[in-house]
Amino acid sequence: MTVPGSARWHGHGAGDLTNSEWARLRPHLPKSGQRGGRWVSHRRVINGILFRQRTGVPWRDPPARFGKWKTLYERHRRWSADGTWDKAFAAVLADADAEGRIDRSMVSVDSTSCRAHQHAAGARRRSPRVPGKRTTPRRHRPDEGLGRSRGGLTCKIPLAGEGGRRPLALLITPGQWGDAPQLIPVMERIRVGRLGGGRPRTRPDHLSGDKAYSSRRNRCYLRRRQIQHTIPEPKSQRANHKRRGSHGGRPAGFDKTIYKRRNEVERTINALKNFRAVATRFDKRAYVFQGTVTVAAIRLWLRA
């Protein structure tokens, strides 16, 4: 009989990593089988983490086939804190780019609000630490990415999605924050590495966004980086151009045909929010929720 967690055991539950998906992810994870028996089975634990992501169950409630619940939670928290999930996401993107699976002909930016469960509130005031190190976790936010909006306690996920309906970069912000100021931070996080070496790819062929992203600051940034973009202007901005006459500058160009592809980022968001732990935030700490969303993004890229 093969014991779960051994080298020959493979989970067969719905949503578990297939053999081909595991083969693509495995090289980018910390080496298992270390001294003292730590991290003997990454695959079983990651399948348990994915089960929690997909169903949204409390950390204590995954099936016993995934092992101890505390192992699932602590590994997810540790890898969210020390940047392991971020590195795995970057590596998966580089692999996809080498295989020609990234459609950069149109990259779209948008954001989605996530209602925060009552369990997401009440994080400790003091700054968290990376387990085993005297450092603050990566992606830590003092405000924990939570805020009050018309929907109550919420957070936002601003992101950039490629034409294949998968995320390239994402952020976590409080729910009441506006969309326009997040365009530049999201664009600065697009870094697709090259397996053969060289500078990472950071510039899409074309960028689109809705009118919430129309601002002079954003358009100047995109022109400076020579990124073609399709972002409609609100009526108030168009009226201001006309009112100022020749001093109002050139009106922004807009191509309705190109703009129709903006639905791709909305479908990217729908795919992310199929994970219930993303659609509803249960994590108290912002860096842990950032890891949760990053794991969901990795899962989307691993699928054929």
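At a threshold of 4.5 Å between non-hydrogen side-chain atoms, the residues I157 and C114 count as touching. Side-chain contact between R141 and Y287 is absent, with no heavy atoms from C-beta onward closer than 4.5 Å. Taking the side chain as every heavy atom from C-beta outward, S127 and R129 approach each other to under 4.5 Å. Annotation: side chain of M187 is in contact with side chain of P204 (closest heavy-atom distance under 4.5 Å). In this structure the side chain of P128 reaches within 4.5 angstrom of the side chain of H140, judged on heavy atoms. You'll find the side chain of L29 reaches within 4.5 Å of the side chain of W22, heavy atoms only. Using a 4.5 Å heavy-atom cutoff, the side chains of V130 and T136 are not in contact. Considering only heavy atoms from C-beta on, V109 stays 4.5 Å or farther from V265 through its side chain.
D97 pairs with exactly one of R191, R104, R194 by the salt bridge (charged side-chain N to carboxylate O under 4.0 Å, His left out) rule, that one being R104. Between P158 and the choices I172, T112, D179, T173, the side-chain contact (heavy atoms from CB on, under 4.5 Å) rule is met once, by T173.
For the atom pair CG of L72 and CZ of R44, the computed distance is 8.5 Å after rounding to the nearest 0.5 Å. Distance CD1/I227 to NE2/H206: 10.5 Å, rounded to 0.5 Å. Atoms CZ and CG, on R65 and N47 in that order, are 7.0 Å from each other to the nearest 0.5 Å. Atom OG of residue S108 and atom CG of residue L207 lie 7.0 Å apart, to the nearest 0.5 angstrom. Rounded to the nearest 0.5 Å, atoms CG (L171) and CZ (R189) are 4.5 Å apart. Atoms OH and CG, on Y73 and D283 in that order, are 8.0 Å from each other to the nearest 0.5 Å.
Using cut-offs of 30° and 60° on the angle between ring planes, the pair W79 and H42 is perpendicular.
Side chains of R78 and T84: a donor-acceptor N/O pair is absent below 3.5 angstrom, by distance only. In this model, no donor atom of one side chain and acceptor atom of the other lie less than 3.5 Å apart for N218 and R223. Of the N and O atoms on the side chains of D205 and S105, not one donor lies less than 3.5 Å from an acceptor on the other residue. Donor-acceptor pairing under 3.5 Å is recorded for the side chains of Y221 and R225.
For the pair R299 and D16, the tightest heavy-atom approach, listed with the atom from each and the gap, is NH2-O, 3.4 Å. P167 and F89 get closest at one heavy-atom pair: O-CZ, 3.5 Å. When all heavy atoms of L300 and R166 are compared, the pair lying nearest together is O-CD, 3.7 Å. Across all their heavy atoms, G291 and H76 have their closest contact at C-CE1, 3.6 Å. The nearest pair of heavy atoms linking T55 to R276 is O-CD, 3.5 Å. The two residues E99 and R24 have their closest heavy-atom pair at OE1-NH2, 4.0 Å.
Salt-bridge check for E266 with R262: passed, with a basic side-chain N closer than 4.0 Å to an acidic carboxylate O. A salt bridge is absent between R303 and E21: the closest approach of a Lys/Arg side-chain nitrogen to an acidic carboxylate oxygen does not fall below 4.0 angstrom. Salt bridge status for D86 with R139: present, with a side-chain N to carboxylate O gap under 4.0 Å.
Taking the six-membered ring for Trp and the full ring otherwise, F282 and H119 have centroids separated by 6.0 Å or more.
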Please step through side-chain contact (heavy atoms from CB on, under 4.5 Å) for the pair W301 and L93, ending with a clear verdict. CA-CA 8 Å; W301 279 104; L93 280 181; 3.4 Å; yes
Should S214 and R219 be marked as a side-chain contact (heavy atoms from CB on, under 4.5 Å) after you check the CA-CA gap, both sets of side-chain angles, and the distance that decides it? CA-CA 7 Å; S214 178; R219 293 185 189 276; 3.0 Å; yes
Apply salt bridge (Lys or Arg N to Asp or Glu O under 4.0 Å) to the pair D103 and R261, showing each step before the final yes or no. CA-CA 12 Å; D103 180 2; R261 290 190 63 183; 3.2 Å; yes
Between F275 and V293, is the side-chain contact (heavy atoms from CB on, under 4.5 Å) condition met? List the steps. CA-CA 9 Å; F275 296 86; V293 183; over 6 Å; no
Decide side-chain contact (heavy atoms from CB on, under 4.5 Å) for I231 and K211; before the verdict, give the C-alpha distance in whole Å, the side-chain angles of both, and the deciding distance to 0.1 Å. CA-CA 6 Å; I231 302 176; K211 62 180 65 177; 5.8 Å; no
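Within the 3.5 Å criterion, the main-chain N or O of A286 finds a donor-acceptor partner in the side chain of E144. Within the 3.5 Å criterion, the main-chain N or O of R267 finds no donor-acceptor partner in the side chain of E264. Judged by distance alone, with hydrogens and angles left aside, the side-chain atoms of H117 form no donor-acceptor pair with the main-chain N or O of R115 at under 3.5 Å.
V295 and L170 are assigned to two separate hydrophobic clusters, defined by single-linkage of ILVMFWY side chains at heavy-atom distances under 4.5 Å. No single ILVMFWY cluster, assembled from side-chain heavy atoms under 4.5 Å apart, contains both V288 and W59. Two different hydrophobic clusters hold F289 and L146 under the rule that ILVMFWY side chains link at heavy-atom gaps under 4.5 Å. Cluster membership for Y213 and M106, using ILVMFWY side-chain heavy atoms within less than 4.5 angstrom, is not shared. Using a 4.5 Å cut-off between side-chain heavy atoms of Ile, Leu, Val, Met, Phe, Trp and Tyr, with links allowed through other members, I298 and F66 fall into the same hydrophobic cluster.
Under a cut-off of 6.0 angstrom, the local environment of CZ in R217 is sparse, with at most 12 non-hydrogen atoms contributed by other residues, nucleotides or ligands. Atom CD of E188 is surrounded by more than 12 heavy atoms from other residues, nucleotides or ligands within 6.0 Å.
The cationic atom of R77 (NZ for Lys, CZ for Arg) does not lie both less than 6.0 Å from the six-membered ring centre of W85 and within 45° of the ring axis.
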